[in-house]
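Remember, predicted model here, so these are calculated numbers, not experimental data. All heavy atoms count here, side chains included; hydrogens, waters and symmetry mates do not.
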Amino acid sequence: MKQVIDIKRAYEPASADDGYKIYIDRLWPRGLSHETFHYDWWDKEIAPSTELREWFHANPQAEWTEFEKRYRQELLSNPALANLKKMIGGKPKVTLLYSSHDEIHNNAVVLRSLLQQE
């Protein structure tokens, strides 16, 4: 059985269909409390580096493909990727939670794509 990896904004209500929920941003989602935000694991180390995140947010004209390329490079040299793969191994459904407003251009999209290539 192939593993399902979904992505979802942290601000959306949790669902029983989410499976194992991993929050993958370095910063806590603004406005959410620890009592209302439901996740199974928070992996700060899998998030883009502070430098990359700040570069992407500071450059409105920044190209998505450049961010994607740089983040993939970070992931491939990041030991947190191997840890994440171990953590989700054997889980039929995983949901990567992110806090960005942009549902198309965010780190969860890149991470899911990389994990699905395995």
Side-chain angles (χ1 to χ4, degrees):
M1 179 153 118
K2 186 166 169 84
Q3 183 179 55
V4 175
I5 301 175
D6 279 342
I7 59 174
K8 183 177 185 177
R9 284 195 76 224
Y11 301 95
E12 293 179 36
S15 165
D17 294 334
D18 290 340
Y20 191 75
K21 299 176 290 298
I22 304 171
Y23 182 56
I24 59 165
D25 286 344
R26 195 167 302 279
L27 304 175
W28 185 258
R30 186 175 292 154
L32 293 181
S33 72
H34 289 275
E35 292 78 31
T36 60
F37 180 40
H38 302 287
Y39 63 94
D40 297 301
W41 185 40
W42 181 10
D43 191 355
K44 296 177 191 178
E45 299 305 315
I46 201 73
S49 65
T50 300
E51 297 78 21
L52 181 56
R53 179 180 52 81
E54 289 175 352
W55 170 82
F56 189 58
H57 291 294
N59 294 292
Q61 66 275 15
E63 291 190 31
W64 166 247
T65 54
E66 183 63 22
F67 170 81
E68 187 175 22
K69 178 180 137 193
R70 290 182 186 189
Y71 183 41
R72 278 180 175 271
Q73 287 173 341
E74 284 187 357
L75 286 169
L76 293 174
S77 63
N78 186 345
L81 182 61
N83 292 339
L84 176 64
K85 288 177 182 179
K86 281 186 215 171
M87 179 64 73
I88 66 173
K91 293 187 175 26
K93 174 126 186 227
V94 174
T95 298
L96 304 175
L97 303 170
Y98 65 95
S99 55
S100 173
H101 292 286
D102 190 333
E103 296 180 5
I104 298 170
H105 305 103
N106 63 68
N107 56 314
V109 171
V110 178
L111 182 56
R112 176 179 62 178
S113 173
L114 187 65
L115 291 170
Q116 288 177 331
Q117 290 176 351
E118 300 293 316

Is there a donor-acceptor contact under 3.5 Å from the side chain of Y11 to the main chain of G31?
no
More than 12 foreign heavy atoms under 6.0 Å from NZ of K91: is that the case here?
yes
For residues I104 and W64, report the shortest heavy-atom separation together with the two atoms involved.
O-CZ2, 4.1 Å
What distance separates S100 OG from H57 NE2, expressed to the nearest 0.5 Å?
6.0 Å
Nearest heavy-atom pair of F56 and E63: which atoms, and what distance?
CE1-O, 4.5 Å
Decide if atom NZ of K69 counts as having more than 12 heavy atoms of other residues, nucleotides or ligands within a radius under 6.0 Å.
no
Are N83 and I46 close enough that some pair of their side-chain heavy atoms sits under 4.5 Å apart?
no
Do T95 and I7 come within less than 4.5 Å of each other through their side chains, counting heavy atoms only?
no
Using side-chain heavy atoms (C-beta onward) and a distance below 4.5 Å, is S113 in contact with R72?
yes
Can a salt bridge be assigned to the pair K8 and D18 using a cut-off of 4.0 Å between side-chain N and carboxylate O?
yes
Salt-bridge present (E66, R70; N to O < 4.0 Å)
yes
Any non-hydrogen side-chain atom of S99 less than 4.5 Å from a side-chain atom of R9?
no
Report the C-alpha distance between W41 and Y20 in whole Å, list the side-chain angles of each, state the deciding distance to 0.1 Å, and finish with yes or no for ring-ring contact (aromatic ring centres under 6.0 Å, His included).
CA-CA 8 Å; W41 185 40; Y20 191 75; 7.2 Å; no
With the side chain counted from C-beta on, respond yes when I22 and I88 share a heavy-atom pair under 4.5 Å apart, and no when they do not.
yes
Can you tell me if E74 uses its side chain to pair, donor with acceptor, with the backbone of S49 under 3.5 Å?
yes
Determine yes or no for a side-chain-to-main-chain donor-acceptor pair under 3.5 angstrom, with R26 supplying the side chain and A47 the backbone.
yes
Which atoms form the tightest heavy-atom contact between N106 and D102, and what is the distance?
ND2-O, 2.8 Å
Any L52 side-chain heavy atom under 4.5 Å of N107 side chain
no
Checking side chain to side chain contact (heavy atoms under 4.5 Å, CB included) for the pair L84/D43: CA distance, chi angles, key distance, verdict?
CA-CA 8 Å; L84 176 64; D43 191 355; 4.2 Å; yes
Contact summary for I5 and R112, nearest pair of heavy atoms:
O-CD, 3.0 Å
Parallel, tilted or perpendicular, judged at 30° and 60°: which one describes the rings of Y23 and W42?
tilted
Less than 4.5 Å apart, any side-chain heavy atom of I24 and any of Y39?
no
Do you reckon L96 sits in the same ILVMFWY cluster as W28, going by side-chain contacts under 4.5 Å, direct or chained?
no
Between V4 and V94, is the side chain to side chain contact (heavy atoms under 4.5 Å, CB included) condition met? List the steps.
CA-CA 6 Å; V4 175; V94 174; over 6 Å; no
N/O donor-acceptor pair under 3.5 Å between D25 side chain and L27 backbone:
no
Is there a side-chain contact between D6 and D17 (heavy atoms, below 4.5 Å)?
no
Step through it carefully: locate the ring centre of F67, locate the ring centre of W55, and say whether they are under 6.0 Å apart.
no
Value rounded to 0.5 Å, distance of OG in S15 from NE2 in H38
11.5 Å
Nearest 0.5 Å, what's the NE2-CG distance between H34 and L32?
10.0 Å
Spell out, yes or no, whether V110 and L76 are grouped together once hydrophobic residues are joined by side-chain heavy atoms under 4.5 Å, including indirect joins.
yes
